[in-house]
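What follows is a single structure, written as structure tokens, with notes after it.
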Amino acid sequence: MVEEVRRYGKFILLKLDNGVLAIHLGMTGKLLAGGTPGPYTRAVLVLDGVTVLFDDVRQFGSMRWLAQAPEGLGPDPLAVSAAEFALRLHGRRTRLKALLLNQSFLRGLGNIYTDESLFRAGIHPLAIAARLSLPRAYKLHAAIREVLTEAVVSGGSSISDYVDADGRPGWFQFQHRVYQRTGEPCVGCGAPIRRILVAQRGTHYCPRCQRK
DNA sequence: CAGATCACCTGCTTGC
DNA sequence: TGCAAGCAGGTGATCT
């Protein structure tokens, strides 16, 4: 009996009568309602009589049965205030890109939306978080909200794997302004989009529009 | 303790 | 054509 379904950062939490099932899709995970198990089906759930497949090619996803819901991650970017966000940036002497990916700082942002948010805010991914001026911190906060809100409306970004529970892809990949557009012209100034590695993650940005 | 780096796993694309 | 290297929506362990 599933009593509640909710999201906590990148976790999907199913509250059951005897615990919580915490599902993380990793990079290539999918939860599919119905369908036939295939070579990448890692688990088959039967929830209140409905079959749900957990497919995951790369196996970075996870499914854990916990006594209690997980906690301790940073605030949700759509719930945190601009003032609180700026305050949290203040003491951190790391590159913004790495900080935004850190789930203890903010919960829910991943590689795509970090790059897209930094671009919209006009901030360089290597900028040191603590050195960001207050107006720029506010601008970044607004950009993150904007990107996430638009992405949710578009059903997310389907690069190669992602589909929703009914097998439908998202459309936000067509709105990406920098992510995986290396060498293509910036939509703002025409300069070629650059790709660097930050925290071992491919990081895409416009060298002209985004300043440290 | 914060921050940086490596490791985990499989498949697809790129370049010699 | 064949094969190796590089790349991919993430994060936990292990270093400095």
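Protein chains get the first letters and strands the later ones, always in sequence-line order, with residue 1 at the start of each.
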Between A/Asp115 and A/Arg177, is there a salt bridge with N-O shorter than 4.0 Å? no
Classify [X] by what it touches in the nucleic acid, base, sugar-phosphate, or nothing, heavy-atom distance under 4.0 Å.
X        : result
A/Tyr113 : nothing
A/Ser157 : base
A/Arg201 : base
A/Arg195 : sugar-phosphate
A/Ile112 : sugar-phosphate
A/Asp161 : base

Calculate the interatomic distance between [X] atom [atom1] and [N] atom [atom2]; express it in whole Å.
X        : N      : atom1 : atom2 : answer
A/Ile196 : C/dC7  : CD1   : C1'   : 16 Å
A/Leu100 : B/dA4  : CG    : P     : 13 Å
A/Leu101 : B/dT5  : CG    : P     : 14 Å
A/Arg64  : C/dG12 : CZ    : P     : 7 Å

Got a donor-acceptor contact below 3.5 angstrom from the A/Asp161 side chain to the A/Met27 backbone? no
Same-atom distance ([atom1]) from [N] to [M], integer angstrom:
N      : M      : atom1 : value
C/dT14 : B/dC9  : P     : 15 Å
B/dC12 : C/dT11 : C1'   : 23 Å
B/dT14 : C/dG9  : P     : 16 Å
C/dA5  : B/dA7  : P     : 16 Å

Kindly point out which of [options] is positioned nearest to the side chain of [X]?
X        : options               : result
A/Asn111 : B/dA4, C/dG9, C/dT11  : C/dG9
A/His24  : C/dT11, B/dG11, B/dA4 : C/dT11
A/Gln59  : B/dA4, B/dC9, C/dG10  : B/dC9
A/Arg58  : B/dC9, C/dG9, C/dT11  : B/dC9
A/Gln103 : B/dC8, C/dA8, C/dT11  : C/dT11
A/Ser160 : B/dC8, C/dG9, B/dT10  : C/dG9
A/Arg95  : B/dG11, B/dA4, C/dG9  : B/dA4

Apply the test side chain to side chain contact (heavy atoms under 4.5 Å, CB included) to residues A/Lys97 and A/Leu126: give CA-CA distance (whole Å), side-chain angles for both, the deciding distance (0.1 Å), then the verdict. CA-CA 7 Å; A/Lys97 163 87 181 200; A/Leu126 294 179; over 6 Å; no
Take the angle between the ring planes of A/Phe85 and A/His141 and call it parallel below 30°, perpendicular above 60°, tilted in between. tilted
So, does A/Lys10 get its side chain near the phosphate of C/dG9, meaning an N or O under 4.0 Å from OP1 or OP2? no
Does C/dA8 have OP1 or OP2 sitting under 4.0 Å from an N or O in the side chain of A/Tyr162? no
Can you give me the closest heavy-atom contact between A/Val198 and A/Ala98, atom names plus distance? CG1-N, 4.4 Å
Nearest heavy-atom neighbours spanning A/Gly91 and A/Ala130: C-CB, 4.5 Å
Would you call A/Phe60 stacked on B/dC8, i.e. ring centres under 5.5 Å apart with the planes less than 30° off parallel? yes
Between A/Leu99 and A/Gln200, name the one whose nearest nucleotide on DNA chain B is closer to the 5' end. A/Leu99
Sort out the partner of C/dG9 for me: Watson-Crick or G-U wobble, both distances under 3.5 Å, none otherwise. none
